Amino acid sequence: MTQDVEMKELPAPSNSASSPPSTLHHLKEIASLIETGAYAREVRRIVRVVRLTMALRRKLNAQVLSAFLGFAVAPGSELHSRLSTYLPKDDVHDMDVDTATSTTQTPGKHSLPELEIYCYLLILIFLIDQKRYNEAKACASASIARLKNLNRRTVDVLASRLYFYYSLCYELTGDLAEIRGNLLALHRIATLRHDELGQETLLNLLLRNYLHYNLFDQAEKLRSKAPRFEAHSNQQFCRYLFYLGKIRTIQLEYTDAKESLLQAARKAPVAALGFRVQCNKWAIIVRLLLGEIPERTVFMQKGMEKALRPYFELTNAVRIGDLELFRNVAEKFSSTFNSDRTHNLIVRLRHNVIRTGLRNISISYSRISLADVAKKLRLDSANPVADAESIVSKAIRDGAIDATIDHANGWMVSKETGDIYSTNEPQFAFNSRIAFCLNMHNEAVRALRFPPNSHKEKEGAEKRRERQQQEQELAKHIAEEDDDEF
């Protein structure tokens with residue numbers, strides 16, 4: 001017989017135990033971490049603060065920042081009043097933070113300069129994300145004025161981020177030239193204080209400032225005169241390599257530019273897709289100017305196919321040597337090349353296209369008239385035959401083609417290509433490879449490590465007897481095996 005079972009109502013699970021910590025709670029933990037790092041003078045804790053803040057960037061809003069200011073800064077103080085003016089006062093009741101607990105905190109106990117600069121940084125990031133650039137400029141200028149009076153190593157990491165956003169505010173409003181003198185003064189202050197991270201950041205900002213206005217000579221003078229030190233930030237080092245590659249490209253130093261740009265693309269983080277795309281665009285142009293043809297895999301990198309499509313078609317035109325196709329590609333993607341600021345470099349490629357087409361003609365024909373050369377190169381000029389003759393003469397002088405010009409008949413006569421294996425070229429190439437392998441072997445031997453004092457250790461009498469006995473038994477065993485085989 002069944003009995004009725006009394007059903008007891010289970011208590012509902014509390015939301016406080018399962019709900020994730022609020023954004024304000026994370027900011028309070030970051031403030032505690034800043035306090036610990038400042039008192040212990042541990043810069044690595046401040047670096048962790050910046051990393052945690054970037055993870056919370058999308059969750060910042062006016063209510064959270066207002067509550068955090070009430071916790072970190074004494075209400076009624078000058079700093080609190082100044083920073084509160086940048087936050088909107090509406091939607092106070094829509095907060096998702098525990099304002100009741102935040103108001104019960106004892107404010108004003110955090111009077112550290114690190115925490116003060118961190119509050120500036122939070123407000124500045126919020127204003128930039130809200131696209132309130134004019135207010136962001138005012139906030140950034142106030143923070144920079146405060147930074148000039150601080151000389152603490154634990155502030156340097158936060159200061160480098162402020163420098164970056166300070167320049168970004170003025171760049172977004174088109175007033176980048178206004179802060180050039182201030183950036184130079186900040187770089188001088190960072191140098192005198194031995195703030196190497198600040199020097200690194202400010203040098204990149206100054207190079208970006210100069211390159212934004214095409215002042216390549218001033219950028220190179222600053223780069224060459226700036227003090228040298230070991231790179232502290234991989235991101236800043238990648239930016240420096242990219243700017244250096246752009247300067248070297250404009251100065252026609254294509255080999256150094258290619259090395260800098262490719263190194264910047266390799267060292268850049270995987271998440272920095274836009275930066276890697278820009279590095280690859282400039283590297284492709286530089287390789288084309290050097291006469292190289294980039295591999296197809298360069299254009300098929302994940303996430304870059306669409307962005308590098310114009311440069312793929314440009315590379316195809318240069319590879320074929322078709323001047324008409326090159327002209328059509330340049331006109332088709334002119335807006336893209338202008339936005340990438342590579343249009344002037346693409347104009348330089350016209351000579352490479354003509355040279356490639358002329359090389360293909362010299363290989364295909366043993367003798368061809370200059371009029372046909374002009375027609376195949378599709379030269380659109382008033383006197384194409386004379387232009388073709390000058391182009392062929394320059395190519396012969398530069399060693400691009402092995403031919404002669406018959407001025408009487410108006411021909412270009414190509415010389416027969418001999419068997420390269422009958423020359424010493426294969427021997428030279430083989431010798432260079434052997435030398436490379438031997439050099440690598442010698443470096444590997446020099447890099448070997450041995451136990452300390454291994455050459456001074458002497459073998460004892462007992463160990464020597466055991467070793468000799470083992471060698472005799474091994475020799476006897478080998479001899480018996482040889483006898484069995486016969």
Side-chain angles (χ1 to χ4, degrees), residues 37 41-44 46-47 50 113-114 117 121 140-141 143-171 176-253 255-269 272 275 279 282:
R41 296 182 180 181
E42 295 181 351
V43 180
R44 61 181 180 86
I46 310 300
V47 175
V50 175
E114 290 81 2
I117 297 301
L121 180 62
S141 300
S143 64
I144 294 300
R146 181 70 179 95
L147 273 176
K148 291 181 179 179
N149 300 323
L150 296 177
N151 186 12
R152 296 162 67 99
R153 298 287 71 82
T154 49
V155 180
D156 294 344
V157 179
L158 299 173
S160 65
R161 302 300 300 178
L162 274 179
Y163 296 147
F164 172 77
Y165 290 114
Y166 173 59
S167 177
L168 181 62
C169 294
Y170 282 84
E171 182 178 355
L176 202 55
E178 295 181 6
I179 62 171
R180 190 178 303 155
N182 203 4
L183 290 178
L184 288 169
L186 290 172
H187 186 268
R188 181 173 62 251
I189 293 173
T191 304
L192 294 176
R193 293 176 177 175
H194 301 284
D195 178 12
E196 295 186 352
L197 182 59
Q199 294 179 57
E200 196 174 9
T201 304
L202 289 166
L203 177 60
N204 286 332
L205 294 177
L206 284 166
L207 292 178
R208 183 180 183 86
N209 198 312
Y210 284 123
L211 297 181
H212 183 77
Y213 296 98
N214 295 326
L215 302 175
F216 292 94
D217 292 338
Q218 289 87 333
E220 173 59 22
K221 289 178 182 179
L222 173 67
R223 189 206 62 80
S224 60
K225 300 295 183 181
R228 304 298 179 89
F229 48 84
E230 185 179 356
H232 291 267
S233 172
N234 181 61
Q235 289 82 356
Q236 296 298 333
F237 185 55
C238 290
R239 291 191 181 101
Y240 175 77
L241 289 174
F242 177 61
Y243 298 144
L244 178 61
K246 295 177 71 172
I247 294 172
R248 291 286 183 261
T249 303
I250 299 300
Q251 294 179 340
L252 306 180
E253 300 177 7
T255 303
D256 296 339
K258 171 190 168 184
E259 182 179 354
S260 298
L261 292 169
L262 292 179
Q263 189 176 3
R266 286 194 300 266
K267 286 181 172 291
F275 179 80
C279 290
W282 279 76

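Nothing here was measured: the structure is a model prediction, and the numbers come from that model.
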Point-to-point distance, once rounded to the nearest 0.5 Å, from CG of Leu207 to NZ of Lys246: 10.5 Å
Beyond-backbone contact of Leu222 with Lys225, side-chain heavy atoms, under 4.5 angstrom: no
Non-hydrogen side-chain atoms of Val47 and Val50 separated by less than 4.5 Å: no
With sequence neighbours excluded, residues passing side chain to side chain contact (heavy atoms under 4.5 Å, CB included) with Ile250: Phe216, Leu345, Arg348
Heavy-atom check, side chain of Tyr243 versus side chain of Ser260, under 4.5 Å: no
Check: Thr201 side chain, Gly198 main-chain N or O, donor-acceptor pair, under 3.5 Å: no
Side-chain donor-acceptor pair present, Tyr163, Ser143, cut-off under 3.5 Å: no
Leu241 side chain near Leu261 side chain, heavy-atom distance below 4.5 Å: no
Arg161 versus Tyr165, side-chain donor and acceptor atoms under 3.5 Å: yes
Residue that, paired with His187, satisfies side chain to side chain contact (heavy atoms under 4.5 Å, CB included) out of Leu205, Leu203, Leu192: Leu203
Closest approach of Ala268 to Cys238 (non-hydrogen atoms, all atoms of both residues): N-SG, 3.6 Å
Side-chain touch Ser233/Arg239, heavy atoms, less than 4.5 angstrom: no
Interatomic spacing from CZ in Arg44 to CD1 in Ile46 - rounded to 0.5 Å: 10.5 Å
From OH (Tyr166) to CG (Leu121), nearest 0.5 Å: 15.5 Å
More than 12 heavy atoms of other groups within 6.0 Å of Glu259 CD: no
Set of residues satisfying side chain to side chain contact (heavy atoms under 4.5 Å, CB included) with respect to Leu215, sequence neighbours excluded: Arg180, Tyr210, Tyr213, Gln218
Smallest separation among heavy atoms of Arg223 and Glu220, with atom names: NH2-OE2, 3.0 Å
Ring geometry between Tyr240 and Phe237 (parallel below 30°, tilted from 30 to 60°, perpendicular above 60°): parallel
Minimal non-hydrogen separation, Ser167 against Ile179, with atom names: CA-CD1, 3.8 Å
For Glu253, side chain to side chain contact (heavy atoms under 4.5 Å, CB included) partners two or more places apart: Arg248, Gln251, Asp256
Lys267 side, atom NZ; Cys279 side, atom SG - distance, nearest 0.5 Å: 12.5 Å
Ser160 side-chain N/O to Val157 backbone N/O, donor-acceptor pair under 3.5 Å: yes
Over all atoms of both residues, closest heavy-atom pair of Gln235 and Pro269: NE2-CG, 4.3 Å
Separation between CG of Leu206 and CG of Leu184, rounded to the nearest 0.5 Å: 5.0 Å
Minimal non-hydrogen separation, Ile247 against Ala219, with atom names: CD1-CB, 3.8 Å
For His212, side chain to side chain contact (heavy atoms under 4.5 Å, CB included) partners two or more places apart: Leu176, Arg341
Side chains of Leu186 and Asn182 in contact at under 4.5 Å (non-hydrogen atoms): yes
Qualifying residue for side chain to side chain contact (heavy atoms under 4.5 Å, CB included) with Leu202, from Thr191, Leu183, Ile189, Asp195: Leu183
Closest heavy-atom pair and its distance - Asn209, Ala177: OD1-CA, 4.4 Å
Results of side chain to side chain donor-acceptor pair (under 3.5 Å) for Arg41 - residues two or more places apart only: none
Pairs satisfying salt bridge (charged side-chain N to carboxylate O under 4.0 Å, His left out), at least one member in residues 147-158, at least two apart: Glu114-Arg152, Arg153-Asp156
